[in-house]
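Structure provided below as structure tokens; questions to follow.
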Amino acid sequence: MNRSADFETALVLFSGGQDSTTCLAWALDRFDRVETVGFDYGQRHRVELEVRPRVLAEFQARFHAWRDRLGPDHVLDLAVLGAVSETALTRDVAIAMGEDGLPTTFVPGRNILFMTFAAALAYRRGARHLVTGVCETDYSGYPDCRDDTMKAVQVALNLGMERRFVVHTPLMFVDKAGTWAMAEALGGEPLVRLVLEETHTCYAGDRTVHAWGCGCGACPACELRAAGWTRYVRDHTNPTRDILSAGREASDGE
């Protein structure tokens with residue numbers, strides 16, 4: 001366990017999906033106090049808001065070493081984001097590649113707003129560390145998931161709030177197979193099973209059960225998750241501390 005940030009509080013942007021669940025475990029392994037925040041922005045896959053408390057309850061039940069570190073959960077109403085967005089995640093629009101080269105699931109400004117509101121909450125809660133599961137390795141091409149964006153956001157938050165927030169992105173340079181392996185390295189088989197059984201990634205909000213978890217199996221999020229699971233089963237059947245270390249080094253570079 002890395003305790004380089006002893007006695008500090010982290011706020012994890014937690015959707016209830018595979019990536020944010022892995023990041024929650026990463027933060028619990030690293031910090032003495034961890035709180036979570038989710039966002040209701042009128043998303044079509046609202047089932048993720050129902051999944052979140054179940055995943056958090058399972059963390060309490062399955063991981064006794066982390067139980068005392070897991071603090072309050074917060075859900076912020078960002079309905080205005082859904083109101084101004086014409087995307088496949090906020091409207092009845094087909095999931096496809098747009099004329100601008102970005103998928104129609106891209107919600108402009110979403111992660112920038114998420115980070116801003118998370119920082120405002122962290123300011124009040126006394127949390128210095130912000131942890132998010134954005135990634136530019138296996139991802140849908142969203143520009144607000146890129147490392148440069150997160151570095152710029154960290155600078156803006158620190159200047160605008162006169163705080164020394166640290167934005168951690170443990171998955172930034174880790175592919176989806178590596179994300180599964182990181183979960184195994186952090187929490188063993190119980191965490192891998194929790195991700196499989198309870199988390200939600202599917203853009204369609206489908207909870208059909210597959211070997212890799214629940215989802216429609218056809219949307220970009222499901223395809224990434226399923227492909228990552230296949231590679232993980234093939235290559236990473238045992239805990240891999242090297243992948244865990246790679247994730248930490250990526251975040252420490254923020």
Side-chain angles (χ1 to χ4, degrees), residues 11-24 35-58 73-98 100 102-121 130-136 138-146 149-150 153 169 171 176 179 194-195 197-210 212-226 228:
L11 180 64
V12 177
L13 282 73
F14 180 66
S15 69
Q18 174 187 3
D19 293 347
S20 65
T21 298
T22 304
C23 285
L24 176 56
E35 299 187 13
T36 50
V37 59
F39 304 95
D40 183 350
Y41 60 98
Q43 57 266 51
R44 284 173 61 184
H45 54 308
R46 294 184 61 79
V47 67
E48 70 178 11
L49 296 175
E50 301 170 9
V51 164
R52 294 179 72 260
R54 296 206 300 268
V55 175
L56 291 172
E58 289 300 321
D73 179 42
H74 313 269
V75 178
L76 303 184
D77 184 355
L78 291 187
V80 64
L81 178 58
V84 301
S85 300
E86 292 285 346
T87 77
L89 291 192
T90 56
R91 296 284 191 278
D92 187 13
V93 176
I95 297 176
M97 188 61 66
D100 58 0
L102 292 171
T104 56
T105 51
F106 174 58
V107 182
R110 180 177 61 164
N111 285 323
I112 297 171
L113 281 175
F114 284 0
M115 294 301 299
T116 302
F117 276 88
L121 176 63
L130 303 173
V131 183
T132 177
V134 295
C135 168
E136 66 170 50
D138 274 350
Y139 78 131
S140 297
Y142 301 160
D144 60 353
C145 287
R146 296 173 186 156
T149 301
M150 288 296 112
V153 165
T169 56
L171 305 181
K176 282 294 183 284
T179 301
L194 173 58
V195 174
E197 295 168 356
E198 299 292 349
T199 66
H200 184 84
T201 304
C202 175
Y203 290 153
D206 194 315
R207 294 294 289 171
T208 300
V209 177
H210 303 270
W212 43 265
C214 297
C216 69
C219 73
C222 284
E223 290 176 347
L224 283 170
R225 178 166 170 158

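Below, all heavy atoms of this structure are taken into account, side chains as well, without hydrogens, waters or symmetry copies. Quick caveat: nothing in here was measured; it's all calculated off a predicted structure.
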Item to check | Heavy-atom side-chain contact between Val209 and Glu197 under 4.5 Å | outcome: no
Next on the checklist: Considering only residues two or more places apart or on different chains, which pairs with a residue in residues 215-226 satisfy side-chain hydrogen bond (donor to acceptor under 3.5 Å, both in side chains)?
Outcome noted: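 Listed once each, the pairs are Thr199-Arg225, Thr201-Arg225.
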Item to check | Contact check, side chains of Phe14 and Val55, non-hydrogen atoms, under 4.5 Å | outcome: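 In short, these two side chains touch, coming nearer than 4.5 Å.
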Next on the checklist: I'd like to check Arg110 versus Leu78 (side-chain heavy atoms, cut-off strictly below 4.5 Å). Are they in contact?
Outcome noted: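 In short, these two side chains do not touch, never coming nearer than 4.5 Å.
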Next on the checklist: Once ring-ring contact (aromatic ring centres under 6.0 Å, His included) is applied, do any residues pair with Phe114, and if so which ones, sequence neighbours excluded?
Outcome noted: Phe39, Tyr41
Checklist entry - Side chain of Ser20, backbone of Gly16: donor and acceptor closer than 3.5 Å? => result yes
Checklist entry - Do Val134 and Leu13 come close enough that some side-chain heavy atom pair is under 4.5 Å? => result no
Checklist entry - Counting distance only, does the side-chain N/O of Thr149 pair as donor-acceptor with the main-chain N or O of Pro143 below 3.5 Å? => result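 Checking the backbone N and O of Pro143 against the side chain of Thr149, a donor-acceptor pair under 3.5 Å is found.
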Checklist entry - Partners of Glu136 by salt bridge (Lys or Arg N to Asp or Glu O under 4.0 Å), sequence neighbours excluded? => result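 Residues passing salt bridge (Lys or Arg N to Asp or Glu O under 4.0 Å) with Glu136: none at all.
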Checklist entry - Quick one: side chain to side chain donor-acceptor pair (under 3.5 Å) partners of Asp73, sequence neighbours excluded? => result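 Result, side chain to side chain donor-acceptor pair (under 3.5 Å) vs Asp73: Thr36, Arg52.
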Checklist outcome for this item: Rounded to the nearest 0.5 angstrom, the OG1-NE2 distance for Thr21 and His200 is 12.0 Å
Next on the checklist: To the closest 0.5 Å, what do you measure between SG (Cys23) and CD (Gln18)?
Outcome noted: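 Interatomic distance, Cys23 SG to Gln18 CD, rounded to 0.5 Å: 10.0 Å.
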Item to check | Contacts of Glu48 that satisfy side chain to side chain donor-acceptor pair (under 3.5 Å) - sequence neighbours left out | outcome: Gln43, His45
Checklist entry - Excluding sequence neighbours, so at least two apart, what forms ring-ring contact (aromatic ring centres under 6.0 Å, His included) with His210? => result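 Once residues adjacent in sequence are excluded, the partners of His210 under the ring-ring contact (aromatic ring centres under 6.0 Å, His included) criterion are Trp212.
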